[in-house]
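Remarks on the structure that follows.
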Amino acid sequence: MNEFNEINELFTNEWLQFIEFTSMLIQHILAKLSEEDQVKMRQLFESSKLGKEQIDFMLSNAIIDEEVQAYFEICMNTSKAHGAKKDLKQAFKQLTIAKEHDLNLNLNEAIVHYNKGILLLDLNSKELLSKILTERAKILEQLREYEECLIDIEDAIKFSCKTYPDLDQFKKDITEKLIGYNLKLREEFGPQRNRLNICALTENKQLPSASSLVKMNYSPDKGRFIQAQADIPKGTIVFAEEAYVKWLKPSQYEKFCYFCIKKITLRFFPCRNCTNVRFCCSNCEEEAWNKYHSNECNYLGVLKYFSYGHIAAQCLLIAGIENVIEIEKQTHAELSKWPKKEFKQDYHTFASLCAFDGDWPYPYNFTMCFAVLLVLRLLEKMNLITKQSEDYSTIGYIMIKLISKINLNCYSILNSKFRHLEALNVVSHKETNDGIGTAIYLSASLPSHSCDPNCMKIRNGSMLILTSTRKVKTGEEITITYRPHFKNRSFKDRQHYLYENYSFKCKCNACENVWENIGYSFKCPNCEGPLILNSDKTNYCVECSAANVISYDDVIKQYEESERLIRESKKLFAQNKIDESKELLLKANQILCSFYSHNDQIAIDYLLARCCELQKNYREALKYAKQVIKKQENIFGKSSLEVANTLLLCSLLCDRYKKTFGGIFQRQKRQEAKLFREKALNIFKCFSKSEIRVVSADFSHYLPYVIHILRKYGDEYSLNYCKV
Ligand SMILES: [Zn+2]
Ligand SMILES: [Zn+2]
Ligand SMILES: [Zn+2]
Ligand SMILES: [Zn+2]
């Protein structure tokens, strides 16, 4: 799970370039200013919190104004030079090529050119668009991509002025094929779905996107927080929320729907005006257009440089500038009154979120202000504000506040994939680590941080889901991690990170008791106890209190080498080079002997078991699988689901092992397999479906076997899992 190593998605290459540029610019500006102004500017940016003063200073200074204007024009010109425009002539050219490929049955090539053509097409000619979409749909039909095909047909019907009876018939045919195709897939591969089925949420009047098992509460020292109002079993969905604002990285514009962040695979729907972004269907295009894209569309080439500024601008556009000024003028309802109200998804709620109130580092704070000034200039271009009006600076202050809120409350959007195995009600949840954007969730911003949280985050496109990772008792607070977890960072590192990024001293249970990250520590050279490594390179032994007895850099180098070996061995494994893969794993194992890196060691033993299994060396495979069980028992407990999954693996290995023998030995192995299986089934019985869903996800390789075993040997209780 990558829960623990999130990265800040707002730091795109463009933003880093922008920071670099503004760091130079501030020197350049300082050199030009009068002595008096120099002192003032230094004072403003070197040691104060970001706010009104800085914006006022920058807005009133003619030299800065000139620089803003110059940079703004450079951005506009480069984006004009690079951006392709709608071009009907080019579009027809592409569509002709597409047609040729279509006739020659180069279907995939045809799709590529249809896409290029559609991107350049002017959406004013609706009849033409409808015709092209129908043509693309026909190819998708031949490719058996019925779901994608259906979206094109529906859009074709929407844009067609005449009534096409054949289009309606086409839709009917494809719908039938889709049903048939899904049934066939189901027979062949078992029921699988890409979307997470959220059925666990029941109505919550106070928090519309939360389960009725939780409520919002208020206390003077904590502010608003989320509390369980009934016992919540492990694996329960507590929140499932759509983003209030979502921002896609510019490098991902071609790969995801700009509005709903759904992955673009074969086809897409274009923006009516630009060729920069793509949508999954015309509905997303319309919604984005009406909410904010109509204003920003022509300026994406400029906005992409200042990620924070872009999100702040989107917030303003979605809520409406006049509305925002009005709401910001009102005195806010005291936070203590919030638990009595409905928590609506609107700007009013967004305005009530906490903001980062620490010091922004110098000259990064200048970068932020410069971004705000550029957005102001853009809003002027969009005819939404005028420089003469007094709202001009007000919007500037509001944007600084917005940026502080975004900084504190944003979540990364990850490119996550779901595999839904209904038979076991198991969600195998694989998140790749590439973040594709950032989102703000209003109610999911309420849970507090703990280094030992009781809920975890799961993403599905721009939707955020929080599920419980253990049983939560009535009255207990719902917590998530804002990145540090006691199992992935030392006490010192956690405190440091949270103070730097969220300006608070963590007093969670794990921190009050100074829980250390023993699972990733080095073995103390004096007493073999866990030696804790801090990222400031200090280290100390939990057992004998020895301090700084090893070289941090050397240890990290060793650890990285073991990681490299594991990566390489996985590659070899995928290429079916089992012997070579195993050799590297054994080397990595040797290095990790001097670490208490349980998770890595479990991973290695598990991989070794698989290598041996493929080499048909079942005896050794069993040895490694049993080692996995021992370590899992230490970490997760003897009757944990982790152990149950590995027990089933052992039983599978015994089953295979027995076939290589005859007579009495075979009987012995059969007996052993049965014992493993029964132990596993006994553990499974104690858990609910949803618990199995969370834990078994890591063992997806053996899931078909788990299902098979439960079906074949499980009693009535476990048979419930197998019902399709
Ligand atoms: Zn979409
Ligand atoms: Zn556009
Ligand atoms: Zn803590
Ligand atoms: Zn020691």
Side-chain angles (χ1 to χ4, degrees), residues 49 51-52 201-230 232 237-245 311-312 315-316 318-358 394-395 397-411 439-450 453-455 464 466 472-480 482 498 502-508:
K49 286 193 183 3
K52 210 166 176 246
L201 288 190
T202 41
E203 210 185 330
N204 186 324
K205 289 219 169 71
Q206 180 197 38
L207 293 161
S209 54
S211 147
S212 60
L213 297 172
V214 298
K215 64 174 180 192
M216 186 206 302
N217 212 334
Y218 173 85
S219 85
D221 55 324
K222 271 189 214 154
R224 294 174 298 188
F225 64 98
I226 304 295
Q227 201 174 24
Q229 51 181 345
I232 302 174
I237 293 175
V238 179
F239 276 94
E241 186 173 14
E242 247 315 316
Y244 174 66
V245 199
I311 304 186
C315 292
L316 293 177
I318 290 170
I321 289 184
E322 277 169 37
N323 200 12
V324 166
I325 293 173
E326 195 48 47
I327 290 173
E328 293 286 347
K329 267 187 204 153
Q330 291 164 13
T331 40
H332 293 309
E334 280 167 48
L335 288 180
S336 59
K337 302 236 167 70
W338 276 85
K340 295 201 179 68
K341 310 202 302 182
E342 189 194 333
F343 199 79
K344 283 196 188 123
Q345 300 279 319
D346 58 14
Y347 186 82
H348 194 84
T349 305
F350 181 45
S352 77
L353 294 185
C354 296
F356 175 74
D357 71 344
T394 313
I395 290 290
Y397 314 147
I398 291 175
M399 239 179 316
I400 284 288
K401 260 209 255 174
L402 285 180
I403 286 174
S404 303
K405 283 179 186 169
I406 292 162
N407 189 59
L408 199 70
N409 295 294
C410 70
Y411 283 86
I440 305 279
Y441 300 92
L442 299 182
S443 33
S445 290
L446 295 172
S448 317
H449 164 84
S450 164
N454 51 26
C455 284
L464 180 78
L466 300 185
V472 184
K473 287 197 189 118
T474 314
E476 208 181 312
E477 187 177 349
I478 299 292
T479 52
I480 54 172
Y482 296 176
L498 291 165
Y502 298 92
S503 53
F504 72 89
K505 271 205 157 85
C506 186
K507 288 180 181 156
C508 73

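What you are looking at is a predicted structure, and each value in this text was computed from that prediction instead of being measured.
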For the backbone of Glu477 and the side chain of Asn454, can you confirm whether one donor and one acceptor N or O come within less than 3.5 Å of each other?
yes
Backbone N/O of Pro339 and side chain of Gln206: donor-acceptor pair under 3.5 Å
yes
Rounded distance (nearest 0.5 Å) linking atom OG of Ser352 with atom CH2 of Trp338
4.0 Å
Separation between OG (Ser404) and NZ (Lys49), nearest 0.5 Å, reads 10.5 Å
Over all heavy atoms of both residues, which pair between Phe225 and Ser219 is shortest? Give the atoms and the distance, please.
CE2-N, 3.8 Å
Please verify the inter-ring angle class for Tyr502 with Phe504; under 30° counts as parallel, over 60° as perpendicular, anything in between as tilted.
tilted
For Val324 and Ala319, which heavy atoms make the closest approach, and how far apart are they?
CG2-CB, 3.6 Å
How many angstroms lie between NZ in Lys401 and CD in Glu328, if you round to the nearest 0.5 Å?
4.0 Å
Nearest heavy atoms of Ala210 and Phe239, plus distance in Å:
CB-CE2, 3.4 Å
Heavy-atom closest contact (Leu498 atom, Cys506 atom, distance)
CD1-CB, 3.5 Å
Quick check: do Val472 and Val214 have side-chain heavy atoms less than 4.5 Å from each other?
no
Side-chain touch Tyr411/Ile480, heavy atoms, less than 4.5 angstrom:
yes
As an exercise, state the distance from CD1 of Ile311 to CG of Asn407, rounded to the nearest 0.5 Å.
10.0 Å
Can you tell if the side chain of Ile406 reaches within under 4.5 Å of the side chain of Ile440, non-hydrogen atoms only?
yes
Can any side-chain N or O of Asn204 pair as donor or acceptor with the backbone N or O of Ser211 at less than 3.5 Å?
yes
So Leu466 and Pro447, do their side chains get closer than 4.5 Å, heavy atoms only?
yes
Given Asn409 and Phe350, is the side-chain contact (heavy atoms from CB on, under 4.5 Å) satisfied, shown in steps?
CA-CA 10 Å; Asn409 295 294; Phe350 181 45; 5.8 Å; no
Please evaluate residues Glu242 and Gln345 with respect to the criterion side-chain contact (heavy atoms from CB on, under 4.5 Å), reporting the C-alpha separation (whole Å), side-chain torsions for both, the decisive distance (0.1 Å), and the verdict.
CA-CA 9 Å; Glu242 247 315 316; Gln345 300 279 319; over 6 Å; no
Counting only heavy atoms not in Glu322 (residues, nucleotides, ligands), do more than 12 fall under 6.0 Å from its CD?
no
Do Leu316 and Leu402 have side-chain heavy atoms sitting under 4.5 Å apart?
yes
Begin with the C-alpha distance, continue with both residues' side-chain angles, and end with the deciding distance and a verdict on side-chain contact (heavy atoms from CB on, under 4.5 Å) for Met399 and Cys315.
CA-CA 9 Å; Met399 239 179 316; Cys315 292; over 6 Å; no
Quick one: does Gln227's side chain have a donor or acceptor within less than 3.5 Å of a partner on Lys215's backbone?
no
Do Leu446 and Ile478 make a side-chain contact, defined as non-hydrogen atoms from C-beta onward lying under 4.5 Å apart?
no
Side chain to side chain, Glu241 and Leu442, heavy atoms closer than 4.5 Å
yes
Looking at CD1 of Ile232 and CD1 of Ile237, how far apart are the two atoms once the value is rounded to the nearest 0.5 Å?
12.5 Å
Scanning both residues in full, the closest heavy-atom pair of Arg224 with Tyr218 reads N-CD1, 4.0 Å
With a cut-off of 6.0 Å (strictly less than), are more than 12 heavy atoms of other residues, nucleotides or ligands near NZ of Lys344?
no
Hits for side chain to side chain donor-acceptor pair (under 3.5 Å) against Tyr397, two or more places apart or cross-chain, chain-then-number order -> Asp56
Of the non-hydrogen atoms in Glu342 and Pro208, which two are nearest, and what is the gap between them?
OE2-CG, 3.6 Å
Run Thr349 and Tyr244 through side-chain contact (heavy atoms from CB on, under 4.5 Å) and show every step you take.
CA-CA 10 Å; Thr349 305; Tyr244 174 66; over 6 Å; no
I need the Lys405 NZ to Ile398 CD1 distance, nearest 0.5 Å.
9.5 Å
